[in-house]
Amino acid sequence: NAGVTQTPKFQVLKTGQSMTLQCAQDMNHNSMYWYRQDPGMGLRLIYYSASEGTTDKGEVPNGYNVSRLNKREFSLRLESAAPSQTSVYFCASSAWNTEAFFGQGTRLTVV
Amino acid sequence: AQSVTQLDSQVPVFEEAPVELRCNYSSSVSVYLFWYVQYPNQGLQLLLKYLSGSTLVKGINGFEAEFNKSQTSFHLRKPSVHISDTAEYFCAVSERAGRRALTFGSGTRLQVQP
């Protein structure tokens with residue numbers, strides 16, 4: 001039972017480069033989320049998708065775009081990476097009225 | 001909108017001692033409450049949750065938490081900690097109706113010393 005799978009686990013980008021973080025869940029959850037984790041700030045919501053075909057901005061959406069490709073997959077794209085986007089990114093999913101399940105994270109460094 | 005305040009950024013404690021990690025929240029709507037644990041270089045794992053019913057909830061690894069609506073608190077406790085409990089602990093809330101995305105506190109690092 002894989003749960004929530006994120007790829008890649010590590011990535012180094014140069015300023016201005018683009019990349020897509022992939023996330024897939026096998027628990028048939030409707031809702032999916034992208035968070036970033038920075039020291040001393042907990043996890044902050046970037047975007048979320050309440051159901052297939054819908055996305056909504058979270059607390060820190062600037063510089064990111066998302067795609068809910070189908071019920072299983074929710075990708076996060078950085079169009080032009082900046083050093084301020086150096087962070088650990090977590091994908092999560094949940095069913096209605098249950099807790100969220102998290103992936104193992106992607107550690108991104110922008111130089 | 002909601003906010004979560006974890007009052008201690010670090011809590012050092014000796015092995016087999018009791019511990020309490022404090023969490024206060026603010027919300028204009030009714031919320032669900034959660035505690036998650038993060039071990040080094042790993043994702044977040046649910047410790048326990050309060051959805052409804054008894055205000056004292058028990059979770060994994062011997063942890064428990066008490067929901068206090070009047071004080072808007074959800075403090076986490078363990079009567080006797082182990083070295084293996086060393087980790088970062090996050091308190092989180094989500095709306096009962098509407099958007100279910102979690103709002104997290106800034107985390108408390110529990111350091112268990114021998």
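Here is the naming used below: chain letters follow the sequence lines, and residue numbers restart at 1 for every chain. None of the values given here were measured: they were computed from a predicted structure.
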message: Within the 4.5 Å heavy-atom criterion, are Glu99(A) and Tyr32(B) side-chain neighbours or not?
response: no
message: For Leu44(B), which atoms come within 4.5 Å of any heavy atom of chain A: side chain, backbone, both, or neither?
response: both
query: Checking Gln6(B) against chain A: side chain, backbone, both or neither under 4.5 Å from a heavy atom?
result: neither
Going only through I, L, V, M, F, W and Y residues with side-chain contacts under 4.5 Å, is there a path from [X] to [Y]?
X: Val110(A); Y: Leu76(A); answer: yes
X: Val31(B); Y: Val4(B); answer: yes
X: Tyr47(A); Y: Met19(A); answer: yes
X: Leu21(B); Y: Leu48(B); answer: yes
X: Leu56(B); Y: Val93(B); answer: no

Let me know if [X] has heavy atoms under 4.5 Å from chain B in its side chain, its backbone, both or neither.
X: Ala100(A); answer: both
X: Gln37(A); answer: side chain
X: Leu43(A); answer: both
X: Arg44(A); answer: neither

message: Check whether Tyr48(A) reaches the backbone of Leu102(B) with its side chain - one donor and one acceptor, N or O, closer than 3.5 Å.
response: no
query: Among Gly42(A), Ser94(A), Pro39(A), who wins on heavy-atom pairs under 4.5 Å with chain B?
result: Gly42(A)
- prompt: To the nearest 0.5 Å, what is the distance between CD (Gln45(B)) and CZ (Phe102(A))?
  reply: 12.0 Å
- prompt: Which pair of heavy atoms, one from Gly40(A) and one from Ser106(B), lies closest together, and at what distance?
  reply: O-CB, 3.4 Å
query: So which heavy atom on Phe90(A) is nearest to which on Gln38(B), and how close?
result: CZ-NE2, 3.4 Å
query: Taking non-hydrogen atoms and a cut-off under 4.5 angstrom, which of residues 61-83 of chain B neighbour chain A?
result: none
All N/O donor-acceptor pairs, side-chain side in residues 7-17 of chain A, below 3.5 Å, sequence neighbours left out:
residue: Thr15(A); atom: OG1; partner: Val111(A); partner atom: O; Å: 2.8
residue: Gln17(A); atom: OE1; partner: Lys14(A); partner atom: N; Å: 2.7

